[in-house]
Every structure is written in C-alpha cells, then in structure tokens.
Amino acid sequence: MNQYPHLFSPVRIGETTVKNRIFMPPISTNLANKGYVTDALVAHYAARAKGGVGLIITEVTTVEPTYIYLPGDMSVSDDSFIPGWEKLTNAVHQYGAKIMPQLFHPAYMAFPIPGTPRLIAPSNVGPYYAKEAPRAVTVQELQVIIRQFGEAAGRIKQAGGDGVEIHAAHAHGLLGGFLSPLYNKRTDAYGGDINGRLRLTLEVIAQVRKVCGKDFIIDVRISGDEYTDGGQNIHDSVYAAKQLEKAGADFLHVSGGTTIMRGSSIPAPGTPMGSHIRLAEEIKKHVSIPVASVGRITEPWLAEELIANGRTDICMIGRANICDPCFVQKAEAGKEEEIRPCIGCLRCLNGIMFGKRIACTVNPSLEPENEDTVAPALEKKRILVIGGGPAGMEAAYIAAKRGHHVVLCEKEEELGGLLRIAAVPIAKQDLTKIVKYMIGKLRAYGVEIRVNCQVTKEMLKEEFADYEVIAGVGASAVVLKPFTSFKQWMTADDVLSGKAFAGRKVVVLGGGSVGCETADYLAPLVDDRYPRNREIVILEMADNIMLNETGPGRSLLVQRMQKKGVKVICKAKVERVDIDHIYYSKDGEEYCIDDADTLIFAAGYQNDPSVEEMLKSSGLVYHMIGDAHTIGNIKSAVSEGYETAKNI
C-alpha cells in the first residue's frame with residue numbers, strides 16, 4: 001500500500017496532467033556548453049525523470065545573449081538551441097515526466113564576463129557586491145526583452161517542452177528586481193506601487209501566452225516574503241498572486257527571501273525543513289490555481305504531510321533529488337531507508353559559484369556511471385578495509401557491490417569515524433543520517449563488519465595475507481605541544497565526543513569551522529548574563545574566521561555566535577602559555593588572558609603515518625584514502641572511497 005497517497009496523486013496544471021506532486025525546482029549544474037544542452041545535461045535530467053519526478057524545471061535558461069548568469073548555465077536565445085532542447089525533452093518524456101526551463105534575464109546579477117556592457121537593472125541599485133552601479137533599463141529596452149521572453153518560450157514549445165517558469169523571485173534578476181521594492185525605485189509605469197512593480201512580469205506572461213497558446217504551462221516563481229526590511233512582504237505577494245492568476249499563470253512556485261540575504265532563499269543546514277511553507281499556505285488560500293512550496297523538503301513524510309494538511313498542492317524537491325535520483329521511486333515503494341540522505345550542506349551549489357560542475361557530498365558521483373550503475377569487477381578479490389569512517393564505509397560498500405569479498409575493521413566500538421563527532425554541534429544533526437544510511441548499505445551487500453578490531457602486523461601476515469587493503473583510518477586532532485602546560489587543555493574533538501568537559505571561561509585556539517562550531521556548541525543558548533553561563537573566546541591568526549566556508553551555514557553560525565556573546569579575536573597569535581595564563585599578540589602588542597580555565601585546540605588534523613608504514617612492511621597491495629591520504633572533508637572522503645573501490 002502506498003504510504004503517501006497525496007504525494008503520488010496526479011495534479012492538473014492548466015491543460016496538462018502531471019503524474020505526481022514531486023516537482024524538481026531549478027538547480028544550476030554548470031553542465032551546459034556556452035548555453036547549449038550537452039549529453040551530460042541530458043543524462044542528468046533523464047536520471048531524475050527515470051527516478052520518478054513528475055515535473056522538472058531546469059536551471060536558469062537565459063532569453064537573450066548579452067548577459068550571462070553563470071558560464072555553465074543554459075540558454076534559448078536563438079533557434080540554434082532548439083535541437084539540444086528537443087533531445088532533452090525527448091529523454092525526459094520517455095519516463096512520463098514533464099519538463100520546462102526557468103526563463104531568466106540576469107540583469108544586474110549577470111556574470112561580469114569581459115566585454116559585457118554595463119549591467120541593467122530596474123533602477124541604479126545593484127547588489128552590495130557590485131563593482132559599479134547598474135543603469136536603469138529603458139522602457140524601449142523592456143519592450144524588446146518582453147518579446148525575447150515570448151520568443152524563448154516559443155522555442156521551448158517547438159522543442160517539445162511542456163511549459164516555462166518565469167523567475168520573478170528572490171529580488172533576483174530583472175523580473176525579481178522589478179517586483180522588489182529593494183531594487184525598483186522607478187517612478188514611471190513600471191515602478192512605484194505593487195501594480196507598477198508587477199507590470200513587467202504580467203506583460204511577460206501575456207507575451208508567452210500569446211506565442212505559445214493555452215495548452216502550454218506558465219509557472220511564475222515568486223518570493224512570498226523577502227524577509228527583509230523594505231522588501232516585499234506576504235501582503236504584497238498575496239495580491240501579486242491574484243494578479244498572476246488573472247494574467248494566465250497556471251501555477252505558482254512560492255519561495256521566500258532574497259539571494260543576497262544569505263540563508264533566506266536557500267535555507268542552511270539545520271534550519272527547519274519546509275522553510276517557506278507558511279508563505280505557500282497563505283497564498284494558496286487566495287488563488288484557485290495550484291501552489292508549489294520549496295525549501296528543504298528532503299524527506300517524503302514531510303512532503304506528504306504538507307499536501308495532506310492542505311498547506312500546498314505540490315512539493316518542489318531539489319537537493320534530495322540531486323543527492324538520490326531515485327528518491328521518488330524509493331519513496332513510492334516504501335523504501336525510505338534506501339534513500340541516500342540529503343544533509344542540506346549545499347555542496348551542490350557552493351562549487352557552482354566558482355565555475356565547477358554540480359557535485360554532492362553524499363553522492364560521490366553524479367555521472368552516468370555512479371554508485372547505482374557501478375560495473376562488476378572482472379576479477380573478484382578479497383578486500384580488507386581498515387577504518388569505518390565515511391571513506392572506509394564507502395569503499396567497502398562499492399567493493400562489495402562489485403562482487404569482492406570485503407572485511408571492514410574498525411578499532412572503535414561503532415562505525416562512523418569523525419562523522420559521529422561532526423554531527424554533535426548545533427545544526428549538524430543530519431550527519432547522523434549518513435552514518436545510518438552507509439551502515440545499511442554495508443549490511444545489504446554482505447560486508448563483514450568487525451568493530452573493536454585494531455588491525456595488526458600479525459593479522460596482515462596471517463588472516464589477511466591474500467587480501468588487497470584499503471586504509472581509511474582517518475586523522476586525529478592536532479595537539480599543540482608547546483601550549484599543553486596550561487592547567488586544563490583538550491581538543492575540540494575531545495569536547496564533542498564527550499571525552500572531556502570544558503569549564504566556564506573557555507579559550508578556543510583556532511577559528512576554522514571546527515573551532516567555531518565548538519564555540520557555538522559550548523556557548524549559552526541565551527546571552528543573558530546568567531552567572532553560570534560560559535564565556536567563550538576564539539583566537540584566530542587569520543584576518544577572519546572560517547575563510548574556507550562560503551555558504552549560508554557559515555552565515556547562520558556566525559550570527560548565532562554573535563547573539564550568544566562569543567568573543568572573536570582575529571589576527572591573534574598565541575605566543576606562549578603557562579599554567580594559568582595565555583599570552584597572544586595582535587597588531588604588534590601582547591595581551592594576556594588570565595582568567596580562563598580551559599584551552600581548546602581546534603588547529604586542524606593530522607594523519608598517522610604508522611598505518612602506512614605497517615602496510616608497506618607487509619608487502620600487501622594497499623591504497624590510502626580519505627584523511628589517511630590527504631586531510632579533506634566528507635565530500636573528498638566519500639569520493640576517494642568510491643573512486644578507489646570502483647577501480648580495484
């Protein structure tokens with residue numbers, strides 16, 4: 001029996017019936033080639049269609065050639081793009097899914113490729129990171145752009161597409177900017193009140209409908225609330241939604257926030273799932289066309305609840321469908337435990353901003369050959385995996401799936417390695433899902449798991465003499481020996497694993513992600529000067545904290561620390577300590593902390609060379625992976641485990 005009857009019921013969108021209510025929202029891939037559809041792009045979307053998604057909205061697809069959003073995004077600005085779109089729509093349609101692009105004009109958020117003219121905008125207002133103010137687009141230019149939207153939609157219809165999404169959300173791009181009071185300061189017919197700000201989007205809808213007819217889906221993406229002082233609010237959006245319906249929109253894709261207020265439009269790890277649902281719920285009360293909600297809907301039970309409880313008609317599930325292209329099939333079959341868990345880390349998008357192809361922390365490969373399609377080994381071997389962290393578990397799973405006999409030895413009493421510690425800080429709970437999921441894979445493929453098992457030279461010479469070895473033994477926290485003379489010191493891992501307990505006045509040495517997460521974990525939830533509250537100080541040598549992190553998770557972590565009163569001192573170098581004092585220098589002056597009771601080291605990790613030395617002396621064929629090879633992150637650990645086992 002289907003556990004999710006509402007989620008897997010069909011939905012009528014205009015003249016089209018979609019087979020279920022799981023839609024895939026736009027997520028940039030950087031898989032296009034100068035705007036053209038590539039074989040990799042076709043394979044990417046076809047995999048999600050095969051996996052059961054009802055309707056796919058592709059990434060940003062630009063309607064004119066001058067302004068580029070991301071170099072690897074799609075375009076449909078002239079007829080030369082039609083053949084690629086035909087190939088893409090045919091690949092998706094063969095699995096019963098519908099597909100439509102998100103039509104977009106980047107305007108003042110265009111990528112500044114050399115030779116690009118001055119960026120245009122509703123007014124001379126650009127995002128805070130702009131290098132110059134954009135110029136206000138003229139009314140005459142708007143008439144051309146409206147025509148370009150219609151022509152772009154016409155090409156999609158010619159290529160067999162089912163409709164288009166018109167992107168007017170997040171104060172983003174031309175239409176989103178016109179709709180938002182943050183960027184639209186015009187006093188002509190396209191500015192002023194909500195009717196003026198909405199006019200451009202209404203005229204685009206009219207043009208698309210004129211070109212494509214009534215049997216072509218038009219979806220408009222809007223922010224129900226921009227969550228920003230001076231921005232669009234839910235009252236604006238309810239009114240706008242009614243006007244969009246009157247203008248001929250077939251459904252509304254209700255998001256929230258803006259792209260420049262980090263963590264508002266794309267929710268960070270640890271934030272509530274269904275982050276924009278209250279906006280969709282309110283708008284749904286006032287229109288008769290279907291409404292879709294989006295934002296960290298990563299588990300099927302939640303999607304079913306949101307629809308069953310009348311809060312939305314459709315759930316846009318993006319990152320979870322990137323992480324597991326068979327998400328929908330597994331949910332419908334009641335195999336939720338087999339769904340590869342999306343942890344909301346936004347690795348899929350972080351690399352995109354730097355021109356990299358789409359990637360996933362938990363899914364080691366988004367290529368046509370991946371975990372699900374990995375080829376059986378031509379020669380079946382006996383494989384010993386040392387270490388049960390993410391690298392070791394992934395390697396053991398892939399090796400077993402390819403037909404090798406695999407034994408996994410972990411020296412601790414539980415699998416998971418540093419993932420178990422990494423899941424302890426605030427907003428990191430979802431990492432436990434990876435451990436649970438990976439253990440399930442190991443058991444399903446018959447990996448022999450031995451915990452509390454330290455591999456020795458004798459074991460390699462005797463029991464495992466004819467095995468090939470994969471070592472993913474991880475790394476340990478760096479202990480700064482010169483500073484261990486302080487009266488109470490510990491590593492961040494000691495704190496997070498419960499092996500040590502910090503006092504009330506804590507100095508954290510290191511302002512990377514581990515140091516900041518530990519400070520956040522230890523700090524009082526409320527900075528109310530309660531006598532037993534901890535006082536936390538972070539000392540960081542660099543100019544700022546967490547310089548290697550860029551996503552909204554970093555932003556929310558920093559905001560939490562500030563609210564909790566965590567003191568951050570950058571450009572601070574600890575010079576020496578004694579039993580009661582910590583001396584550091586900053587800007588040429590020396591300072592002393594004389595009231596701390598705990599010093600915590602968060603100064604990185606180091607691997608243990610003794611394991612590789614043991615393997616070298618054994619004469620066995622071996623491979624070092626994960627942190628045992630190079631200190632990295634969860635993504636690199638899982639990927640190395642996958643690649644190594646795939647090639648044995």
Side-chain angles (χ1 to χ4, degrees), residues 63-64 67 103-110 118-128 130 132-150 165-210 218-249 252-261 264-265 276 279 282-283 285-287 289:
V63 300
E64 60 83 50
Y67 299 101
L103 295 187
F104 186 66
H105 189 304
Y108 53 99
M109 290 180 170
R118 186 178 177 186
L119 302 185
I120 60 172
S123 308
N124 62 338
V125 180
Y128 69 91
E132 67 172 348
R135 67 172 179 83
V137 62
T138 67
V139 172
Q140 291 76 20
E141 287 172 318
L142 288 179
Q143 301 313 304
V144 173
I145 291 169
I146 291 166
R147 189 182 73 244
Q148 288 171 327
F149 269 95
E165 175 170 274
I166 296 167
H167 189 1
H170 306 150
H172 191 51
L174 192 66
L175 300 187
F178 263 84
L179 194 51
S180 175
L182 295 171
Y183 291 101
N184 189 337
K185 313 294 181 179
R186 298 173 77 100
T187 56
D188 62 8
Y190 291 94
D193 66 5
I194 182 68
N195 293 301
R197 300 197 311 272
L198 186 58
R199 179 172 178 169
L200 177 60
T201 299
L202 297 179
E203 291 182 356
V204 167
I205 293 172
Q207 185 67 17
V208 171
R209 187 62 77 201
K210 177 182 175 182
I218 299 177
D219 145 42
V220 183
R221 189 177 201 187
I222 60 171
S223 285
D225 192 314
E226 291 179 347
Y227 308 136
T228 305
D229 290 346
Q232 183 176 308
N233 60 54
I234 186 61
H235 308 300
D236 300 324
S237 298
V238 167
Y239 177 81
K242 293 178 180 179
Q243 311 316 308
L244 293 169
E245 180 178 19
K246 289 177 185 176
L252 300 175
H253 179 179
V254 179
S255 184
T258 71
T259 52
I260 63 167
M261 183 180 174
S264 62
S265 61
H276 304 306
L279 307 177
E282 184 60 29
I283 287 173
K285 296 174 185 176
H286 303 282
V287 296
I289 55 177

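Residue numbers run from 1 in the order of the sequence given. Note that the coordinates shown come from a computational prediction; the quantities given were computed from them, not determined experimentally.
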Student: Using side-chain contact (heavy atoms from CB on, under 4.5 Å), reason through Val125 and Leu182 one step at a time and then give a plain yes or no.
Tutor: CA-CA 8 Å; Val125 180; Leu182 295 171; over 6 Å; no
Student: Check whether any side-chain heavy atom of Asn124 sits under 4.5 Å from a side-chain heavy atom of Arg135, and report yes or no.
Tutor: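 No, every pair of side-chain atoms sits at 4.5 Å or beyond.
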Student: Salt bridge check, Glu245 against Lys242: does any charged N sit closer than 4.0 Å to a carboxylate O?
Tutor: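 Looking at Glu245 together with Lys242, the answer is no, because their closest N to O distance does not fall below 4.0 Å.
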Student: Are any non-hydrogen side-chain atoms of Arg186 and Val137 less than 4.5 angstrom apart?
Tutor: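 Heavy-atom side-chain distance check passes, below 4.5 Å.
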Student: How many angstroms lie between CG in Asn195 and CD in Gln243, if you round to the nearest 0.5 Å?
Tutor: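 Output value for this atom pair is 6.5 Å.
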Student: Evaluate the side-chain contact (heavy atoms from CB on, under 4.5 Å) criterion for residues Phe178 and Leu142: first the C-alpha distance (whole Å), next the side-chain angles of each, then the deciding distance (0.1 Å), finally the verdict.
Tutor: CA-CA 11 Å; Phe178 263 84; Leu142 288 179; 3.8 Å; yes
Student: Is it the case that atom NZ in Lys210 sees more than 12 heavy atoms from other parts of the structure closer than 6.0 Å?
Tutor: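 Result for NZ/Lys210: open.
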Student: Can you tell me how far the CG atom of Asn233 sits from the OH atom of Tyr227, to the nearest 0.5 Å?
Tutor: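 The distance works out to 12.0 Å.
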Student: Once you round to the nearest 0.5 Å, how far does NE2 of His235 lie from CG of Asp225?
Tutor: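 Separation between the atoms: 8.5 Å.
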Student: Would you tell me whether Asn184 and Tyr190 have side-chain atoms, one donor and one acceptor, within less than 3.5 Å of each other?
Tutor: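 No, no side-chain donor-acceptor contact under 3.5 Å.
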Student: Could you grab the distance from atom CG of Leu198 to atom OH of Tyr239, nearest 0.5 Å is fine?
Tutor: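 If I round to the nearest 0.5 Å, the distance is 8.0 Å.
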Student: Among Leu244, Asp236, Ile166, exactly one meets side-chain contact (heavy atoms from CB on, under 4.5 Å) together with Ile222. Which residue is that?
Tutor: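 Only one of Leu244, Asp236, Ile166 forms a side-chain contact (heavy atoms from CB on, under 4.5 Å) with Ile222, namely Leu244.
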Student: Glu64 and Ile145: side-chain contact (heavy atoms from CB on, under 4.5 Å), yes or no, with the steps?
Tutor: CA-CA 8 Å; Glu64 60 83 50; Ile145 291 169; 5.7 Å; no
Student: Could you tell me whether His172 and Phe104 have their ring centroids closer than 6.0 angstrom?
Tutor: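 Between His172 and Phe104, the centre distance is under 6.0 Å.
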Student: How long is the span from the CE atom in Met261 to the NE2 atom in His170, to the nearest 0.5 Å?
Tutor: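 If I round to the nearest 0.5 Å, the distance is 13.0 Å.
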Student: Going by heavy atoms in the side chains, are Arg209 and Ile218 under 4.5 Å from each other?
Tutor: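 A side-chain contact under 4.5 Å exists here.
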Student: Report yes if the side chains of Ile260 and Met109 come closer than 4.5 Å at any heavy-atom pair, otherwise no.
Tutor: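 Yes, side chains in contact.
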Student: Measure the shortest side-chain to side-chain distance between Ile283 and Ser237 over non-hydrogen atoms and say whether it is less than 4.5 angstrom.
Tutor: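 Yes; the side chains approach each other to less than 4.5 Å.
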Student: Quick one: are Phe149 and Leu200 in side-chain contact, heavy atoms under 4.5 Å?
Tutor: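 No. Closest side-chain heavy atoms not under 4.5 Å.
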Student: Using modelled atom types and a 3.5 Å cut-off, is there a donor and acceptor pairing between side-chain atoms of Ser223 and backbone atoms of Gly257?
Tutor: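 The answer is yes, because a donor-acceptor pair under 3.5 Å joins these two groups.
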Student: How long is the gap from OG1 on Thr201 to CD1 on Ile146, to the nearest 0.5 Å?
Tutor: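 Between atom OG1 of Thr201 and atom CD1 of Ile146 there are 9.5 Å.
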Student: Side-chain contact test, heavy atoms from C-beta onward, threshold under 4.5 Å: evaluate it for His276 versus Val254 and give yes or no.
Tutor: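 A side-chain contact under 4.5 Å is absent here.
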Student: Are Glu226 and Ser180 close enough that a side-chain donor and a side-chain acceptor fall under 3.5 Å?
Tutor: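 Yes, Ser180 and Glu226 have a side-chain donor paired with an acceptor closer than 3.5 Å.
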Student: Does any pair with a residue in residues 191-203 pass salt bridge (Lys or Arg N to Asp or Glu O under 4.0 Å), and if so which ones, sequence neighbours excluded?
Tutor: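 Qualifying pairs: Arg199-Glu203.
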